[in-house]
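Heads up: the structure comes next, in structure tokens.
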Amino acid sequence: MNCEAAIDRFLESLTGDLDASTSADLESHLANCATCRAARDGLRALWHGLDVLPQETPSEMLRPRFYAMLHAAGQEKRRRRSRRQRLNGWIEGWWPRQPIIQVGLALVALVVGLGLGPRLRRTPSELEQLRAEIQSTRRLVAISMLQQQSPSQRLQGVSFSYRLQDPDADVVQALLQTLETDPNVNVRLAAADALGQYPELPQVRLGLVESFQHQTSPLVQIALIDLLVEVSDPEVTELLRRVAQDPKLHASVRQRAQSGLQRPL
Amino acid sequence: MNQPTDDHLMAMVQNGDIGQLGVLFERYHVSLYSFFVRLTGDRVLSEDLVQEVFLRMLKYRHTYRGGQFTCWMYRIARNARGDHFRKWRAESELPEADSLPSGQRSASETLEKQQDHQLLMAALARLPHDKREVLLLSRYQHLKYEEIAELLGCTVTAVKLRVHRAMKDLRAHYFNLAGDPAS
């Protein structure tokens, strides 16, 4: 075995995929080639070193989320089966025995179907209903995490809110509440960023303006100004004017408000 | 009593006993979660992706043809991850592990220390996505080279080459981070 062939076999020797004869050839080559031996030893050390990476464990929420999804799918399936059985029974009761009438009915159904089919809206599929179920679970998880003791869990709650496809009134309210009252600056900043997804919502605009009055951290104040200058609203302009002239506020906050006022809307 | 095989369980799921997906979930969710965490560095996202994989297994259960359950599952996993990044944002690099050892220690010392997983995670994070993925599939998800080749749509030789290059790069990043540029 030459060096090139030996290098090709290194990985298989580590994973135990070499047959006895090739393994013996490789060992014989390594015994005589210091370069290959050093390369294989380095690779082996790292390969086994990868064992130090611990198994990652999901949170306790994953299992209930999965079983909720499975339960919802099972219920949907039972509902569909029961509907189908009822329908089959009904059709059996009414279905004529004469083949000529069966054919006639089938043709009538075909014509009616072709006429009405395109006008009927499609009912939501099983998958869409399951997605809605997940969406609802995410909403609950986001709201519940925003109320946790630990700042990192509250931050996770904020990041969960990004996964909601549509702005939800309860989640927006929970984010506004977090922005206003959370003792941790990082969590308040993250909540402000998350609310920045919905500048078009009047509830969010008013909430951001209202919240500004209660903020003490210049970082959060600047983040709020950056969000507010994106929307055209008389209340925002009024707030920026007040902030730009308030000597009690940090100079950089006043300066940012001033820049916001000069920005063409 | 023998545990039912993955194939047997999937056959039952296909025949309408969808509760059996729970057994497959218990069997694979931790390893899938680990795969996603090491691939994306995002624990919350990884849980979402695990949930999405099992949802897709349910939806596409009729596409399972038997024989290679893990291969089918990781194909779904790769698609779920790819779809997520296409939908939400451009792919970002795995964040490097926090508080890396500042390190002038020797490589043999560091390899033996428990806290070295941070160093390895950081080295893994520096690998490009395709190399990281092939290494994870081979080293942690224990897929055979033939299975990885089928999953990635390439030859077994190409898979071996990729794993080998990934190991070489990982080794270089590892020693670089450990402060041992000579190795």
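First the proteins, then the strands, lettered A, B, ... as listed; each starts at 1. Heavy atoms only: backbone and side chains are in, while hydrogens, waters and symmetry mates are out.
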Answer yes or no: does atom NE2 of A:His48 have more than 12 heavy-atom neighbours from other residues, nucleotides or ligands under 6.0 Å?
yes
Side-chain heavy atoms of A:Phe66 within contact of B:Val50, under 4.5 Å:
no
Contact winner vs chain A - B:Lys168, B:Glu52, B:His142, B:Lys160, heavy-atom pairs under 4.5 Å:
B:Lys160
Pairwise side-chain contact, A:Leu50 with B:Tyr140, heavy-atom cut-off 4.5 Å (strictly under)
yes
A:Leu46 to B:Leu120 - nearest heavy-atom pair and separation:
CD1-CD2, 3.9 Å
Return the CZ to CG distance between A:Arg65 and B:Asp48, rounded to the nearest 0.5 Å.
4.5 Å
Portion of A:Gln55 that has a non-hydrogen atom of chain B nearer than 4.5 angstrom:
both
Side chain, backbone, both or neither of B:Leu170 within contact of chain A (heavy atoms, under 4.5 Å)
both
What is the minimum heavy-atom distance between B:Leu58 and A:Met69, and which atoms define it?
CD2-SD, 4.1 Å
Which heavy atom in B:Val30 sits nearest to a heavy atom in A:Pro58, and how many Å separate them?
CG2-CD, 4.2 Å
Closest heavy-atom pair, B:Ser138 versus A:Trp47, reported as atoms and distance to 0.1 Å, is OG-CH2, 3.8 Å
Taking all atoms of both residues into account, what is the closest heavy-atom pair of A:Gln156 and B:Val44, and its distance?
NE2-CG2, 3.5 Å
Count the heavy atoms belonging to other residues, nucleotides or ligands that lie under 6.0 Å from CZ of B:Arg78, then report whether that count exceeds 12.
yes
Separation between CG of A:Leu62 and CZ of B:Phe25, rounded to the nearest 0.5 Å:
4.0 Å
Shortest non-hydrogen separation from B:Ser34 to A:Glu56 and the atoms involved
OG-N, 2.9 Å
Sort out for me which of B:Lys144, B:Arg56, B:His29 touches chain A most, counting heavy-atom pairs under 4.5 Å.
B:His29
Measure B:Arg139 against the heavy atoms of chain A and call it side chain, backbone, both or neither at under 4.5 Å.
both
